[in-house]
Amino acid sequence: MKKYNPHMIESRWQTYWDKNDCFKATEDKNKEKYYLLEMYPYPSGKIHMGHVRNYAIGDVVARYKRMKGFNVLHPMGWDAFGMPAENAAIENNTHPATWTYDNIDYMRSQLKSMGFSYDWGRELATCKEDYYKWEQLVFLKMFERGLAYRKKTFVNWCDKCQTVLANEQVVDGCCWRHTDQKVELKEMDSWFLKTTEYTKELLDYCDNLPGWPDKVLTMQKNWIGKSQGAIIKFPVIDYDYTVEVFTTRQDTLFGATFLCFAPEHPMVKKMTRGTDQQDKVDAFIEKTLKIDTFMRTADFTAKEGLFTGRYCLNPVTNEKIPIYIANFVLYEYGTGAIMAVPTHDQRDFEFAKKYDLPLRLVIKPEDSEIVEDQMEEAYVGEGILVNSDQFNGIKNRDALEKIGDYLEDKGMGYRTTNYRLKDWGISRQRYWGAPIPVVYCERCGVVPVPEDQLPVVLPLDLDLKEGGKSPLSYEASFYETPCPKCGQKARRETDTMDTFVESSWYFDRFTSPRYDSGPFDKEKVLYWMPVDQYIGGIEHAILHLLYSRFYTRVLRDLGYLEIDEPFTNLLTQGMVCKETLKCEKHGYLFPEQVKDGKCIYCGAEVEVGPSIKMSKSTKNVLDPQKLIEKYGADTVRMFCLFASPPERDLEWNDEGVEGSWRFLNRVWRIVTENSDNIKNSNRCENFSSLPPYLKDMYRKIHLTIKKVTEDIEERFHFNTAISAIMELFNKISQLINSEKELNESDWSVVKEAVENMIVLLNPVVPHISEELWRELGYKSSLVEFSWPQHREEFLEKETCVIVIQVNGKVRSRMDAPVSLNKTEMENMALSDERTRKFIEEKAIKKVIVVPDKLVNIVI
RNA sequence: GCGAGAGUGGCGGAAUUGGCAGACGCACUGGACUUAGGAUCCAGCCCGCAAUGCGGAUAGGGGUUCAAGUCCCCUCUCUCGCACCA
């Protein structure tokens with residue numbers, strides 16, 4: 001008997017699929033298309049378990065859909081621009097391009113060794129000219145339409161990255177890549193994409209994506225952050241300016257006793273210029289801007305502010321109220337200034353108490369009294385308006401409307417909707433990215449590079465300096481260029497685009513990756529898009545997915561696409577977790593640094609920590625390469641799918657992998673040891689003449705087909721699909737290993753069972769199943785094979801086990817013919833001897849009968 | 001603080017519509033085969049007890065129901081997201 005040798009088998013089948021172009025996708029209008037996409041990886045060096053899991057999940061679906069007869073597009077590529085390439089290049093004295101392409105080559109070979117069914121002919125890398133050229137073109141089109149623009153703003157600056165970060169890339173006040181690096185505010189010129197042009201659509205369509213997890217949609221909605229309220233105008237006294245504030249609580253307007261500006265608001269300096277307060281105000285602004293936004297606005301940071309020396313009029317009370325600047329007011333949100341109602345807003349309350357500002361109650365709870373002097377916190381509940389002139393006595397909910405109307409009537413303001421979503425800052429002061437195709441000319445200003453001069457090529461031969469600014473800004477051969485308009489000496493933009501721009505349309509490019517007359521071939525993109533199933537990590541729930549939704553709309557409005565949403569269905573898989581090992585002296589340890597529970601360096605007892613996301617920093621990682629070398633790709637794929645359903649975290653367990661390995665060995669053995677008998681027997685023709693135990697086996701075959709199909713199709717629950725196949729396997733193995741000699745009809749049913757088992761296993765473990773399929777005498781590959789369809793008539797049973805309960809407790813079971821009516825079942829249960837013991841002489845109150853399942857006798 | 005999700009044996013997890021809780025796998029225990037077993041096969045494996053049976057058990061408490069892991073209410077714990085957003 002041949003031993004199961006995964007490496008031999010796997011490389012043989014990988015070569016076969018490759019040579020025969022098995023996964024090559026071509027447009028075919030007669031077939032239903034299915035575009036399956038997993039989030040493409042950043043070529044960081046080698047694949048990690050997260051990739052393996054993500055791509056194993058995707059591959060099951062791709063292979064399954066293909067067997068189901070769909071025209072499947074399943075591409076793979078590389079998110080190839082980005083900072084790690086630059087950092088690694090400086091560290092290792094290589095070029096980012098060399099580093100990136102080397103990594104791509106190695107990672108491609110790793111993905112190939114996993115046997116994923118990609119159409120490798122469509123592979124793309126975003127760092128190549130023929131990719132970013134089209135991104136630059138789209139940028140120019142956006143510029144023409146005002147969807148890309150330049151402005152001076154306060155930007156998030158990471159000193160370690162030496163670049164600007166998008167708001168989305170700031171996590172807890174720190175850089176998303178350097179969690180120990182505080183982000184500073186820096187005023188800079190930057191390019192923005194006008195995501196806010198589509199705010200409403202992006203929000204509304206969240207209710208139009210039934211195939212997305214609610215969690216992700218909620219996160220997107222929160223990020224967009226819709227709030228309804230009003231803009232209210234407060235005229236400044238003795239100064240020609242009217243402050244506009246946004247509020248959601250116009251019902252509390254009569255209680256607005258002061259105003260607060262964000263310190264960096266440009267009006268603050270203007271209003272205080274030449275006044276006594278100027279110096280103090282300037283100092284306060286400077287001080288506040290040194291503190292990053294997170295710290296400044298953290299809930300543990302005390303409210304701080306300063307009087308500007310100016311007053312304005314509360315438009316409804318006509319009272320003179322002071323204008324402050326305050327650290328807790330955000331310049332980016334609303335109008336950058338607020339009306340402060342200390343009685344009904346906790347922040348305003350704290351501020352007023354600190355600076356001794358007046359409190360006026362304007363909402364009173366219906367069943368109690370509040371006195372301003374005795375308030376210890378703001379009253380934020382519902383109530384009745386007081387101290388509000390003609391609005392006194394009405395409920396504050398109604399006052400929202402009424403005061404809104406009043407403001408509009410009097411021209412003091414208007415109702416509006418405000419969103420938290422801001423425009424997307426895409427400028428990065430980095431080298432390894434797509435150049436922004438514009439030129440700055442002293443005469444002509446900002447001049448877009450003409451389309452026929454694209455691409456603006458990222459130069460490869462230049463010096464990379466450690467730290468500091470982007471090398472492009474030192475490279476005269478790059479930035480020196482004649483102005484496209486007037487021909488005079490001009491300077492090229494040296495910033496590059498955020499890499500999220502590339503990932504906002506790579507899925508479109510996959511439909512025609514070699515197309516050279518535009519971003520993509522319209523006919524092909526119309527055929528394939530949208531992506532039917534997108535699979536990736538939850539960590540992209542906001543950034544990547546929101547940008548992609550935005551970019552899709554831009555491409556639609558530019559005439560490239562005819563769809564609104566890029567991804568019809570989204571599956572967010574959980575993280576791969578493993579326990580951590582920690583030594584008191586040496587910190588986190590790799591498993592090989594621990595022997596017999598002791599640290600190999602100091603012999604100290606190693607603490608086994610909780611299972612958390614695999615990460616290099618906590619050293620609880622596992623190199624998939626080693627697993628593939630030890631067990632082969634099929635075992636690794638199988639364990640990843642078997643250990644938990646995809647959306648949940650996967651708890652890594654070394655012994656569990658052994659289990660998958662043993663299962664595949666058992667399958668191998670039972671098929672190879674019995675292949676002659678299986679090959680030489682005929683398919684079972686006459687079901688009704690089979691003895692009961694074979695009918696039972698037949699039923700199991702069809703039950704398994706049904707279960708596996710439903711688990712993959714409806715829920716992506718591969719773990720239960722695999723366990724169903726294991727049950728079928730156990731049943732086959734019991735029959736074959738039983739004492740008796742197998743006869744002809746036994747073998748005919750075994751043939752049916754084994755063949756179906758192999759086909760059902762194919763999407764999960766494609767190599768071993770192909771090999772065993774051949775072992776059974778089939779010449780063609782399972783790639784060509786159709787997914788089996790269960791037959792209802794084989795699921796039907798002649799008898800079933802009925803559970804008999806007395807007062808809800810299981811007391812007995814009986815075998816009964818199926819489809820008895822309720823009375824028959826009841827009578828049968830009542831005549832059951834074991835059941836009678838529990839009923840004794842007691843009166844029966846009620847009998848509940850669930851057909852073919854259960855009888856519950858209530859006494 | 002707000003929002004969402006989760007809590008089931010020693011472990012990963014099943015139970016899809018309210019109908020036998022613990023499928024499948026791991027670990028563990030015993031046995032067979034064996035020079036050997038970290039291979040393979042067979043058996044056992046939620047807890048308690050007066051043990052062929054009975055009782056208890058799905059974070060804890062209460063409720064609805066003939067029947068609750070599943071539905072409702074309260075409490076606790078954990079995870080994730082947001083967090084002075086006016």
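Numbered from 1 within each chain, the chains take letters A, B, ... in sequence-line order.
For B:C80 and B:U64, the P atoms lie 37 Å apart once the distance is rounded to whole Å. Remark: the separation of the P atoms in B:C41 and B:G53 is 31 Å, to the nearest Å. Nucleotides B:U17 and B:A68, compared at atom C1', are 14 Å apart to the nearest Å.
Judged by the 6.0 Å and 45° rule, A:Lys303 forms a cation-pi pair with A:Phe328.
Taking the ring centroids of A:Phe639 and A:Tyr631, they lie at or beyond the 6.0 Å cut-off.
When rounded to the nearest whole Å, the span between NZ of A:Lys809 and P of B:A68 equals 10 Å. Atom CH2 in A:Trp661 sits about 10 Å away from atom P in B:U40, given to the nearest Å. A:Lys215 places its NZ atom 11 Å from the C1' atom of B:C82, with the value rounded to the nearest Å. As a whole-Å value, the separation of A:Arg420 CZ from B:G81 C1' is 11 Å. In this structure, the CD atom of A:Glu579 is 14 Å from the C1' atom of B:C26, given to the nearest Å. In this structure, A:Ile538 places its CD1 atom 12 Å from P of B:C80, rounding to the nearest Å. With rounding to whole Å, A:Ile542 atom CD1 is found 8 Å from B:A83 atom P. Rounded to an integer number of Å, the gap from A:Glu539 CD to B:U79 C1' is 16 Å.
Look at A:Lys221 and A:Asp207 and you find a salt bridge, because one of the NZ, NE, NH1 or NH2 atoms lies within 4.0 Å of a carboxylate O, short of that distance.
The 12-atom threshold is exceeded at CG of A:Asn827, counting heavy atoms of other residues, nucleotides or ligands nearer than 6.0 Å. Heavy atoms from other residues, nucleotides or ligands lying under 6.0 Å from CZ of A:Arg834 number 12 at most.
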Sort me out a list of protein N/O and nucleotides 27-33 of chain B N/O pairs below 3.5 Å, or just none if empty.
| residue | atom | partner | partner atom | Å |
| --- | --- | --- | --- | --- |
| B:A27 | OP2 | A:Arg662 | NH2 | 3.2 |

Which protein N or O atoms sit under 3.5 Å from an N or O of nucleotides 16-23 of chain B?
| residue | atom | partner | partner atom | Å |
| --- | --- | --- | --- | --- |
| B:U16 | O4 | A:Lys707 | NZ | 2.3 |
| B:C20 | O2 | A:Arg813 | NE | 3.0 |
| B:C20 | O2 | A:Arg813 | NH2 | 2.3 |
| B:A23 | O2' | A:Glu727 | OE2 | 2.7 |

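Checking B:A14, B:C54, B:C66 against the side-chain heavy atoms of A:Lys846 singles out B:C66 as nearest. Distance from the side chain of A:His717 is smallest to B:A14 among B:C41, B:A14, B:A86.
With values rounded to the nearest 0.5 angstrom, A:Met814 atom CE is found 7.5 Å from A:Thr835 atom OG1. Atom CE of A:Met757 sits about 6.5 Å away from atom CZ of A:Phe729, to the nearest 0.5 Å.
Under the salt bridge (Lys or Arg N to Asp or Glu O under 4.0 Å) criterion, the residue pairs touching residues 634-652 of chain A are A:Asp59-A:Arg637, with sequence neighbours excluded.
Pairing partner, B:U52: none, since no Watson-Crick or wobble contact has both distances short of 3.5 Å. Across all strands shown, B:A32 pairs with B:U40; the Watson-Crick or G-U wobble distances both stay below 3.5 Å. Searching all strands for a Watson-Crick or G-U wobble partner of B:U58 with both distances below 3.5 Å returns nothing.
When the side-chain nitrogen and oxygen atoms of A:Asn730 are compared with OP1 and OP2 of B:G25, one or more of them lie within a distance under 4.0 Å.
The side-chain contact (heavy atoms from CB on, under 4.5 Å) test with A:Asp423 is passed by exactly one of A:Thr196, A:Thr153, A:Thr199: A:Thr196.
Residue contacts shown for A:Asp348 are absent, as no nucleic acid heavy atom lies under 4.0 Å away.
An anti orientation is assigned to B:G63, its glycosidic angle lying beyond 90° of 0.
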